[in-house]
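We name chains A, B, ... by the order of the sequence lines, and we start the count at 1 in each one.
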Number of protein chains: 2
Amino acid sequence: MSGALHGKARGVKLVTWNINSVRARLDRLLDYLQTRAPDVLCLQELKCTDEQFPALELQAAGYHAAVFGQKSYNGVAILSKEPLTEVARNLGDDDEQSRLIAATWRGIRVVGLYAPNGQSLASPAYRYKLDWYAKLNRWLASQPGPLFVCGDFNVAPEDADTWDPALWQGQTLASAPEREAFAELKARHGLVDLFREKHPEPARFTWWDYRAGAFHKNQGLRIDHLLVSPELAARCTAVDVDREARKGKLPSDHAPVWAEFA
Amino acid sequence: MSGALHGKARGVKLVTWNINSVRARLDRLLDYLQTRAPDVLCLQELKCTDEQFPALELQAAGYHAAVFGQKSYNGVAILSKEPLTEVARNLGDDDEQSRLIAATWRGIRVVGLYAPNGQSLASPAYRYKLDWYAKLNRWLASQPGPLFVCGDFNVAPEDADTWDPALWQGQTLASAPEREAFAELKARHGLVDLFREKHPEPARFTWWDYRAGAFHKNQGLRIDHLLVSPELAARCTAVDVDREARKGKLPSDHAPVWAEFA
DNA sequence: GTTTTTCGAG
DNA sequence: CTCGAAAAAC
């Protein structure tokens, strides 16, 4: 990908954000686009169909959108200032849940995903989650690099990614099979957990439960990730969580995670 | 009732308003009380129980309240600066829907009602509506005069009370049986349609559908009424619709109808 | 607990 | 369009 990021003199910013209903939070989204001006923004949990997606408002804000919606639940999109090409949806199967969208931006393969939550270890949803990860792992091999795989992975990779490791021990989002699936993604495709690489400190979260003042007490999880190819990681100048976006009235329960590249 | 209105030198103002959820619109209500300072305000569609009714806030605003609430739907109340006496609820039967409240104010029998909508001519709700009107008609004979009967009657008495008579021809809210029931109320109890008496012009509405910019196009109905005894009508100095209250963000779909008396 | 969806009602 | 209620999701 040598030179893929050298189209402009200034750096570029790529972001992932589980927005938890793009319609309910369109004002926040437009504000975010205006103030942070990301070059690429991957959205999860649109909770709307393609028809319901606010494409016009986003166009007016200067953004193209590749959308993969679904009625009521799930739904993912990639917004970008520059047009996207080679848009792909889901993992090549006939899954009725809209959980993944991919597109090429300046030669980078951008993948935005919303992994299944898994509910509880005993539930069918947990099995579905592991199967989905296995499919994702296989499918990624078909994608041209360099890769920028981001989204809500619904996995806290290490104990340091939970606010109370004892409490989360073995629970969904922190169980060993999920962590292994996440680790295999990185290992097989040589991807770097960009946030963790730059921030070794624990308790840096991207999601906080709406209940019991969890955000105020920083009782959260790090489950939104940026997994990138080494050549991209090498150009990363900064990566962080936009905690501001979790504040105020009617926020999403997730905060955006962004990275800048030289 | 000679002298009933002569307690004060200045005139008095009585109002009816279908507020469509008193909790969702408490700010508007308090603003209305402060700026218009009605002596009596009849409210319909409280959409809350007696316990949920914001009695404290209204008390702080200087108003007494006689309330007849109901969970989720219906619910009526009478607010007044001076205490109300002889509060009665519904039509003496065991109807589970809270649609009528009556009280005595300065010797006037104030009745605030929310008539059934009727849905469609073929529905059981339509039969219920006509039966309710028949009961109301009989019940009114038991009430001591002079009468101030107001509220959301869910009847447009004449073609001039609809924005498109051809469209409304025979429809619920404008059908002949409903109009006859409304006319019988007036005839049997010698009541005057106060707004119509002062305003012969057509297209003066009190309700506009939320959808399709109906208010902006003045596509509405006159279904909120003040029916008063002749001795009250004789003292009326002005009557009108508060269209301002239908403007702005999150209004009720009804506007208040007010009358001033010398 | 909090939000979001859908639904029925108007 | 807007509300309240209910259920689902997290």
Return the value, rounded to whole Å, for the distance between atom [atom1] of [X] and atom [atom2] of [N].
X: B:K47; N: D:dT2; atom1: NZ; atom2: P; answer: 12 Å
X: B:I19; N: D:dT2; atom1: CD1; atom2: C1'; answer: 14 Å
X: A:R23; N: D:dC1; atom1: CZ; atom2: P; answer: 12 Å

Are B:Y133 and B:F182 an aromatic pair by the rule of ring centers under 6.0 Å?
no
In plain terms, say whether [X] and [Y] are close enough for a salt bridge, that is, a side-chain N and a carboxylate O under 4.0 Å apart.
X: B:R222; Y: B:D193; result: yes
X: B:K135; Y: B:D131; result: no
X: B:R36; Y: B:D31; result: no

Nt span of DNA chain C in reach of chain A heavy atoms at under 4.0 Å, 5' end first, is C:dG1 to C:dT6
If you draw a 6.0 Å radius around CD in A:Q34, do more than 12 non-hydrogen atoms from other residues or ligands fall strictly inside?
no
Inter- and intrachain pairs under side-chain hydrogen bond (donor to acceptor under 3.5 Å, both in side chains), touching residues 172-181 of chain B, at least two apart:
B:Y126-B:S175, B:K129-B:E178, B:D159-B:R179, B:S175-B:E178
Side chains of A:P256 and A:Y32: closer than 4.5 Å at any heavy-atom pair?
yes
Would you mind reporting whether B:S252 and B:R25 have side-chain heavy atoms less than 4.5 Å apart?
yes
N/O (side chain, B:R25) to phosphate O (OP1/OP2, D:dT2) under 4.0 Å
no
Do any side-chain nitrogens or oxygens of B:S72 fall under 4.0 Å of OP1 or OP2 in D:dC3?
no
Report, one pair per line, the protein and nucleotides 8-10 of chain D atoms (nitrogen or oxygen only) whose separation is under 3.5 Å.
unit_1: D:dC10; atom_1: OP1; unit_2: A:Y114; atom_2: OH; d: 3.1

